[in-house]
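Worksheet for the structure shown next.
Just so it is clear: chains get the letters A, B, ... in the order the sequence lines come, proteins before strands, and each one is counted from 1. All values below come from the heavy atoms of this structure, side chains included, with hydrogens, waters and symmetry mates left out.
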2 protein chains.
Amino acid sequence: MPRGATLRDVAGRVGVSPRTVSRVVNDEGGFSEATRVRVLEAVEDLGYQPNMLARGLITRRSGTVGLVGVDMTDPFFPAMADGIQNAARETGRTMFFASNDGDPQLQAEVFRSLWSHAVDGVIVFPAPGTIEQLAGYAKRGMPLVVVDDIVEFPNLASVSFDLEDGATKAAQHLLATGRRRIGMIGSEVAVPRTRRRERGFLQAFENPPAGVQPPELVRARPTIHGGAEGLQTLLERRPDLDGIFAFNDSMAVGAMRAAQAYGYRVPDDIAIAGCNDIEMSALVNPGLTTIRLDRPRLSAEAIRVLHELIEEPARNPTPVVLPVELVIREST
Amino acid sequence: MPRGATLRDVAGRVGVSPRTVSRVVNDEGGFSEATRVRVLEAVEDLGYQPNMLARGLITRRSGTVGLVGVDMTDPFFPAMADGIQNAARETGRTMFFASNDGDPQLQAEVFRSLWSHAVDGVIVFPAPGTIEQLAGYAKRGMPLVVVDDIVEFPNLASVSFDLEDGATKAAQHLLATGRRRIGMIGSEVAVPRTRRRERGFLQAFENPPAGVQPPELVRARPTIHGGAEGLQTLLERRPDLDGIFAFNDSMAVGAMRAAQAYGYRVPDDIAIAGCNDIEMSALVNPGLTTIRLDRPRLSAEAIRVLHELIEEPARNPTPVVLPVELVIREST
DNA sequence: AACGATGGCGTCAACGTTGACGTAAGTCAA
DNA sequence: TTGACTTACGTCAACGTTGACGCCATCGTT
């Protein structure tokens, strides 16, 4: 609830109309050099800051963008926020930040609020099954970029990593290093994008080298705990597995701990690969082989696409899919 | 740039004045049950959402709070953001989120922007040496809570952990478990609050048990790398050290890795304790003894104090200092 | 000398909402 | 029957800014 100087205050001090001060502040032209100098002096003196609420009310640009993630405490997420913040800063925008906890209801609430605040655009990691909800906002004219999923909807952009290919790469790596009895611990969260990793994984087995056995697949919660449980289930089915690909690094770490607890040596007895390359992955022992995502690139693309949408709405952008890279450490 | 239904649209549909619709929407009273029902129906039909810009312009409450951290990618920080977001949600506010990268200049920019957006209040982890800057905004009427530092300034609240006591506890624990040649790796970032941990550490040696040697102190960057460097410097000076307290857990992990690389066994040859209890600390091998901070409590207190300040400005709150707890794992 | 173009302003209304105030009809007590 | 109160609205202005438009010098052309 700041109560700072207004255009009128500045105008009164300089002896011009508020409209002229506005022109100077926004560098619209239509004023003499002499007035410019005097106005800017007064602006400085009074510490004038334009009121974005008033400005936004009339220009229909609030100078804000929203970032909506699933879970703030997911380390994946702040890195993204950082990139977006910096890009937003350059275009003079400030960032709203919220999470949906994977709950469509909560996400709806968040979007109502963002809409109320007249955000210029939103980047969102969608809660499961909310594409329709989001498409609704896009149709109402809110520039919207969906991250981490591939969607094709009018007025809705999407940016994601090619994790299908990543999973294929991981599986191929396991095969190339001589593993023959391979399992995957998938995520039990049932949205299309989680399934893509399974599809990529299975694809590596379509023309397998000699002696490769059909891959094994279980699903668990995408957490460290879930990874441990998933590994246990896998080993109960096939104690002779010699290679594991986990849905994400948290699960891979959980699986690694569990395998070691059962007396398996990693990577000698069993190789383990994850996905996402979170910070922890380089620090565990042995270091985790994983799929690295170029997150700065993701934020850069997301914000780029968002700005395109803000500047030129009502177009149908094609989904952006970013390549990923296999990082080989000691766990395979 | 949403362009949704307005009070006028709703009013036109129902056949009342916009003012009446406003009264219903804000539940001000002064309308009949019949109109209430009809208005709410129309609100539903048209998907009316109040425009916070217009509302904020006149009520001088924008329905937003700001959270300004040092570094978004610090895992400490999103947890805080999460707590604040939930609390803010309950009072119908949305959260701006920004980082200052420890740079006073950048922080100034962030605050200009937040001021422009008429935030109702801000919670900030201050960049070094910016208390005056912040006090300026507080004086101009912006409710402001400083986190992680103890400040006493008019109109400025502060909430922090008692890390001085935490450091004392860690040192006492090292002494109690028989360590006699103890070093500390401090942070080279020179702000008062980083020094507090050193003070607390040294305090444990004021009445030492028999045979305790004077403690050793070096400073390094507060990162994993810095921790490794700090340990190296310490061991060069005193290869016989048997206990280390690090400024934070990242440094402690770096120090642990370095010590192991030099052939020291942890904890047999040398005990290591950290501070902050980040997620990694429980996962490294051996598990890291550390000082646990009740972060949910910190966010709760910060937002509580902020709301007090928003509801009743112009008071001089007393600093809140929260107790901390020693968590003993295998590294000591 | 007359004319159009241009530069440098000012005026007015509007964005969507709420605060302050007004008013007509109804209620109730004396 | 009067008058004081209350209920249920409506009217108007204001918040701080910008879009649209208008006005008056000045200047260059013909």
Side-chain angles (χ1 to χ4, degrees), chain A residues 1-40 42-43 46-64 92 112-113 115-120 141, chain B residues 1-40 42-43 46-64 92 115-120 141:
Chain A
M1 32 105 64
R3 168 182 297 253
T6 73
L7 285 182
R8 280 190 51 209
D9 300 331
V10 178
R13 182 176 248 248
V14 178
V16 295
S17 79
R19 192 62 186 82
T20 296
V21 178
S22 169
R23 277 192 265 256
V24 172
V25 168
N26 293 14
D27 206 20
E28 285 179 38
F31 47 81
S32 70
E33 176 62 15
T35 7
R36 195 185 69 85
V37 171
R38 286 168 54 227
V39 165
L40 289 184
V43 163
L46 297 175
Y48 168 77
Q49 286 288 123
N51 182 324
M52 299 299 267
L53 302 189
R55 177 183 289 178
L57 193 52
I58 184 149
T59 61
R60 311 195 151 279
R61 301 248 162 142
S62 63
T64 59
R112 264 197 298 277
S113 169
W115 177 272
S116 259
H117 285 286
V119 285
D120 296 337
Chain B
M1 34 112 52
R3 168 183 296 256
T6 71
L7 285 181
R8 281 191 50 208
D9 301 331
V10 179
R13 181 175 248 248
V14 179
V16 296
S17 78
R19 193 62 185 81
T20 295
V21 178
S22 168
R23 277 191 266 256
V24 172
V25 169
N26 293 9
D27 205 21
E28 285 178 39
F31 45 82
S32 69
E33 177 61 17
T35 15
R36 194 185 70 85
V37 171
R38 287 169 52 227
V39 165
L40 289 183
V43 162
L46 298 175
Y48 168 78
Q49 286 287 123
N51 182 324
M52 297 299 263
L53 302 188
R55 177 183 288 178
L57 193 54
I58 184 150
T59 61
R60 309 194 154 277
R61 300 248 163 143
S62 63
T64 59
W115 178 271
S116 260
H117 284 285
V119 286
D120 295 338

Taking OP1 and OP2 of [N], is either one under 4.0 Å from a side-chain nitrogen or oxygen of [X]?
X       : N      : result
B:Ser17 : D:dG10 : yes
B:Ser22 : C:dT18 : yes
B:Thr20 : D:dG10 : yes
B:Asn51 : C:dC15 : no
B:Ser32 : D:dC9  : yes
B:Thr35 : D:dC9  : yes
A:Arg61 : D:dT18 : no

[X] [atom1] - [N] [atom2] separation (whole Å):
X        : N      : atom1 : atom2 : value
B:His117 : D:dG16 : NE2   : C1'   : 15 Å
B:Arg55  : D:dT17 : CZ    : P     : 21 Å
B:Leu57  : C:dA14 : CG    : C1'   : 13 Å
A:Arg36  : C:dG7  : CZ    : C1'   : 16 Å
A:Leu46  : D:dG16 : CG    : P     : 14 Å
A:Gln49  : D:dG16 : CD    : C1'   : 14 Å
B:Arg8   : D:dG10 : CZ    : P     : 14 Å
B:Leu53  : C:dT18 : CG    : C1'   : 15 Å

Is any side-chain N or O of A:Arg23 under 3.5 Å from a base N or O of C:dG10, one able to act as donor and the other as acceptor? yes
Between C:dG19 and B:Arg19, counting only base atoms on the nucleotide and side-chain atoms on the residue, is there a donor-acceptor pair under 3.5 Å? yes
Base, sugar-phosphate, or nothing for A:Pro18, non-hydrogen atoms under 4.0 angstrom? nothing
Show the numbers, then the answer: is there a side-chain contact (heavy atoms from CB on, under 4.5 Å) between B:His117 and A:His117? CA-CA 11 Å; B:His117 284 285; A:His117 285 286; over 6 Å; no
Give a yes or no on whether the backbone of B:Leu53 and the side-chain of B:Asn51 come within a donor-acceptor separation of less than 3.5 Å.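 Yes, because the side chain of B:Asn51 sits within donor-acceptor range (under 3.5 Å) of the backbone of B:Leu53.
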B:Asp9 vs B:Arg13, test: side-chain contact (heavy atoms from CB on, under 4.5 Å). Steps then yes/no. CA-CA 6 Å; B:Asp9 301 331; B:Arg13 181 175 248 248; over 6 Å; no
Could you tell me which non-hydrogen atom of B:Arg55 sits nearest to which non-hydrogen atom of B:Pro50, and how far apart they are?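 Smallest interatomic distance, heavy atoms only, reads NH2-CB, 3.3 Å.
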Which nucleotide wins on minimum distance to the side chain of A:Phe31, given the candidates C:dA14, C:dC9, D:dG19? C:dC9
Nearest to the B:Glu28 side chain among C:dG19, D:dG19, D:dG16, which nucleotide is it? C:dG19
Residue pair B:Tyr48, B:Val25: steps toward the side-chain contact (heavy atoms from CB on, under 4.5 Å) verdict: CA-CA 10 Å; B:Tyr48 168 78; B:Val25 169; 4.1 Å; yes
